[in-house]
Amino acid sequence: MSQKIRAIKGMEDLFEEQSVKIWQRVESEARCLFEAAGFQEIRTPIVEETALFERGVGETTEIVEKEMYTFLDRNDKSLSLRPEGTASVVRAFIEHFTDHQVQEGRFYYIGPMFRYENPQKGRYRQFHQIGLECFGQDHPGLDAEMIFLLDQFLRCLNVHDFELKINSLGSSECRQAYLAALKEYFSEHRFQLGEEDQRRLERNPLRILDSKDPTSQTVIEGAPHLRDFLSEETQTHFLAVQEFLKNLGVPFTVDSRMVRGLDYYEKTVFEFVSTELGAQNSIAGGGRYNRLVKSLGGPVVPAVGFALGMERLTSLLSAEKLGLKNLPKVFFAALDEDSEKYFASKLPEIRQLNAMTMVDWGSTSLKSKMKRAARWGAQWVLLSGESEREKSVVVVRDMESSSQEEVPAHDMIDFLQKKFS
RNA sequence: GUGGGUGUAGCUCAGUUGGUUAGAGCACCAGGUUGUGGCCCUGGGGGCCGUGGGUUCAAGUCCCAUCACUCACCCCA
């Protein structure tokens with residue numbers, strides 16, 4: 001019993017017909033929409049050198065510090081399962097695209113990510129993201145376009161109960177100045193902060209801002225605001241983003257305390273938060289990262305991107321809301337060897353039907369075949385046995401109405417084709 | 001890494017202050033109906049009560065440990 005091998009904690013099998021259909025729909029919708037917006041799919045390896053994530057995601061982030069699946073390969077090289085998608089795409093971009101005359105590109109990816117965290121509702125050790133990365137331009141219109149795309153994507157899947165929060169983190173220079181001011185402020189009030197927040201003061205004071213610790217709240221409220229440190233350039237950039245969003249009709253709120261967990265973001269950051277999920281309610285997030293390409297060894301190429309959590313998105317969806325329809329199910333029950341051979345000879349045509357078809361092999365009783373058909377959810381059962389072979393007919397049974405009729409065997413495919421066209 | 005909740009049949013769960021052989025519903029199989037599913041009736045198979053230890057004449061029930069699942073903190077998709 002306890003010896004049974006089970007899936008690893010936080011990693012799930014996805015097999016239920018309905019949910020698999022939902023995933024397929026989300027993925028095809030994403031491909032369609034994003035390709036229409038000029039993005040090409042990129043599939044990068046799931047394993048990379050550990051250093052890529054350390055340098056890309058940031059050494060002081062939670063992700064790199066304690067959430068990576070890291071191991072040595074047989075040559076003692078340190079490798080890691082990707083905890084997010086951007087670093088890999090940037091690496092690939094540098095490797096394949098930066099010797100072009102024009103250093104730009106638009107990519108999307110769909111695939112699994114891995115983080116060693118304790119699972120809970122909406123959080124898994126293997127989870128799946130759809131991500132977009134756009135290289136080459138530092139323009140507020142592009143930031144807005146990315147957000148617009150994401151908004152459009154959610155709406156075309158009939159998701160409406162979410163909020164969009166945006167903020168500007170400033171350029172690296174503004175952030176430096178702000179960080180210094182923040183550190184000073186929090187140091188002065190350090191003993192009014194919660195325990196965890198006091199520790200953050202050393203490592204990443206930005207994170208204190210979205211702390212939920214009630215003891216820290218009054219200090220946080222009095223903290224200096226990032227917006228007061230924005231340079232004129234980032235200020236106007238951010239205002240322009242908002243302007244574009246308004247013109248595009250994308251509703252948003254500015255959340256000046258929002259910071260994101262990855263080090264590479266600067267300027268515009270954004271997050272789509274569901275109003276109907278549990279504690280893990282962020283369905284997508286992203287922002288601009290103008291320095292990352294350079295810091296991973298490429299040229300100076302500005303970029304902006306986002307990632308969306310498949311598990312969180314699909315938990316908001318249902319087959320009904322998406323209007324997913326199942327193909328009709330047709331069950332072929334052969335009662336003797338002769339009928340079995342007959343159905344076998346028709347397989348190529350059977351598989352051409354616009355229906356889900358299943359041939360039941362083996363000579364069990366008709367009763368048990370009917371049971372299997374019903375359990376599978378067949379709408380139609382095609383029956384053939386000795387007497388049908390003699391008369392060269394098949395029996396077509398409508399499982400819902402329990403009525404059946406004999407159809408000449410040579411008309412069988414035509415008959416079915418008409419039913420399912 | 002930290003805290004709470006839950007582990008009894010394939011699934012959902014009962015199981016009294018510790019007391020004889022551990023139960024129900026659903027699902028499954030067979031028969032009623034020799035070639036017809038669902039509905040009905042009859043019967044049947046299935047359990048180391050998560051695992052290990054302890055207390056006791058006696059443990060599914062009490063105690064300790066451990067593992068798993070789950071929710072939450074933290075963090076993020």
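Quick note: numbers below take in every heavy atom, side chains included, and nothing from hydrogens, waters or symmetry partners. So you know, we letter chains A, B, ... as the sequences are listed, proteins then strands, and number each from 1.
- B/U6 and B/U16 are spaced 15 Å apart, taking the P atom of each and rounding to whole Å.
- A/K66 comes within contact range of no nucleotide atom at all, as no heavy-atom separation falls under 4.0 Å.
- A/E27 places its CD atom 19 Å from the P atom of B/A77, with the value rounded to the nearest Å.
- On the C1' atoms, B/G50 is 39 Å away from B/C40, given to the nearest whole Å.
- Between the side chain of A/R372 and the base of B/G37, no donor-acceptor pair of N or O atoms lies under 3.5 Å.
- Salt bridge annotation for A/D360-A/R372: present, with a cationic side-chain nitrogen under 4.0 angstrom from a carboxylate oxygen.
- Under 4.0 Å is where a charged nitrogen must lie from a carboxylate oxygen, and between A/E266 and A/R175 no such pair does.
- For A/R6 against B/C67, no side-chain N or O and base N or O form a donor-acceptor pair under 3.5 Å.
- At a threshold of 4.0 angstrom between heavy atoms, the contacts of A/E84 with the nucleic acid are absent.
- At the heavy-atom level, A/G285 lies under 4.0 Å from the strands shown only through sugar-phosphate atoms.
- Across every non-hydrogen atom of A/V301 and A/G136, the tightest pair is CG1-N, 3.5 Å.
- Phosphate contact (OP1/OP2 of B/C29, side-chain N/O of A/R375, threshold under 4.0 Å): present.
- Taking the six-membered ring where the residue is Trp, the centroids of A/F306 and A/F153 are separated by 6.0 Å or more.
- Distance A/I130 CD1 to B/A77 P: 15 Å, rounded to the nearest Å.
- One C1' atom belongs to B/C49, the other to B/C71, and the distance between them is 25 Å to the nearest Å.
- When heavy atoms are screened at a 4.0 angstrom cut-off, A/L383 is found touching base atoms of the nucleic acid.
- Within the structure, every side-chain polar atom (N or O) of A/K371 is placed at least 4.0 Å from both OP1 and OP2 of B/U36.
- Atom NZ of A/K9 and atom C1' of B/C71 are 12 Å apart (whole Å).
- Between B/A72 and A/R123, no contact under 4.0 Å exists linking OP1 or OP2 to a side-chain N or O.
- Under the Watson-Crick and G-U wobble criteria, each requiring two contacts below 3.5 Å, nucleotide B/U55 is left unpaired.
- Between A/L335 and the options A/E340, A/E386, A/K369, a side chain to side chain contact (heavy atoms under 4.5 Å, CB included) holds for only A/K369.
- Taking the P atom of each, B/U51 and B/G7 are spaced 14 Å apart, rounded to whole Å.
- Closest contact between the side chain of A/K121 and the listed nucleotides B/G37, B/C71, B/A77 involves B/C71.
- Pair assignment for B/C74 gives none, since no Watson-Crick or G-U wobble pairing has each distance under 3.5 Å.
- Among the protein residues, A/G122 comes within range of the nucleic acid bases, having at least one heavy atom under 4.0 Å from a base atom.
- Pair assignment for B/U16 gives none, since no Watson-Crick or G-U wobble pairing has each distance under 3.5 Å.
- In the set B/C73, B/G37, B/A77, B/A77 carries the atom at the smallest distance from any side-chain atom of A/A307.
- The nearest whole Å value for the distance from the CD atom in A/E386 to the C1' atom in B/G35 is 11 Å.
- As rounded to the nearest Å, B/U61 and B/U55 have P atoms that lie 15 Å from one another.
- The side chain of A/Q120 contributes an N or O atom lying less than 4.0 Å from OP1 or OP2 of B/A72.
- Here B/G35 is the nucleotide among B/A77, B/C74, B/G35 with the atom lying nearest to any side-chain atom of A/L335.
- Nucleotides B/C62 and B/G23 place their C1' atoms 22 Å apart, quoted to the nearest Å.
- Checked for salt-bridge contact, A/K165 and A/E163 miss the test: no charged N lies under 4.0 Å from a carboxylate O.
- Checking B/G25 for Watson-Crick or G-U wobble geometry (two distances, each under 3.5 Å) identifies B/C11 as its partner.
- Remark: A/R291 fails to qualify as a cation-pi partner of A/Y264 under the 6.0 Å distance and 45° angle criteria applied to the six-membered ring.
- Look at B/G60: it lacks any Watson-Crick or wobble partner with both distances under 3.5 angstrom.
- Salt-bridge check for A/D138 with A/K267: passed, with a basic side-chain N closer than 4.0 Å to an acidic carboxylate O.
- Among the heavy atoms of the strands, none lies under 4.0 Å from A/A373.
- Residue contacts for A/Q404: at a heavy-atom cut-off of 4.0 Å it reaches a base atom on one of the strands shown.
- For a distance-only test at 3.5 Å, the side chain of A/S368 fails to qualify as a donor-acceptor partner of the base of B/G37.
- If you check B/G31 for Watson-Crick or wobble pairing at under 3.5 angstrom, you find it paired to B/C41.
- When heavy atoms are screened at a 4.0 angstrom cut-off, A/E388 is found touching base atoms of the nucleic acid.
- What separates CE of A/M399 from P of B/G37 is a distance of 9 Å, to the nearest Å.
- Distances from the side chain of A/A279 to the nucleotides B/C71, B/C73, B/A77 place B/C73 closest.
- B/U17 and B/A59 have their C1' atoms separated by 14 Å, with the value rounded to a whole Å.
- Put simply, NZ on A/K367 is 14 Å from C1' on B/C28, counting in whole angstrom units.
- A 3.5 Å limit on both hydrogen-bonding distances identifies B/G50 as the Watson-Crick or G-U partner of B/U66.
- The P atoms of B/G37 and B/C29 are separated by 13 Å, rounded to the nearest whole Å.
- Within 4.0 Å of A/E400, counting heavy atoms only, lies at least one base atom of the nucleic acid.
- In this structure, A/F135 and A/Y289 have perpendicular ring planes: the angle between them is above 60°, well past the 30° mark.
- Regarding A/E62, its CD atom lies at a distance of 12 Å from the C1' atom of B/C73, rounded to whole Å.
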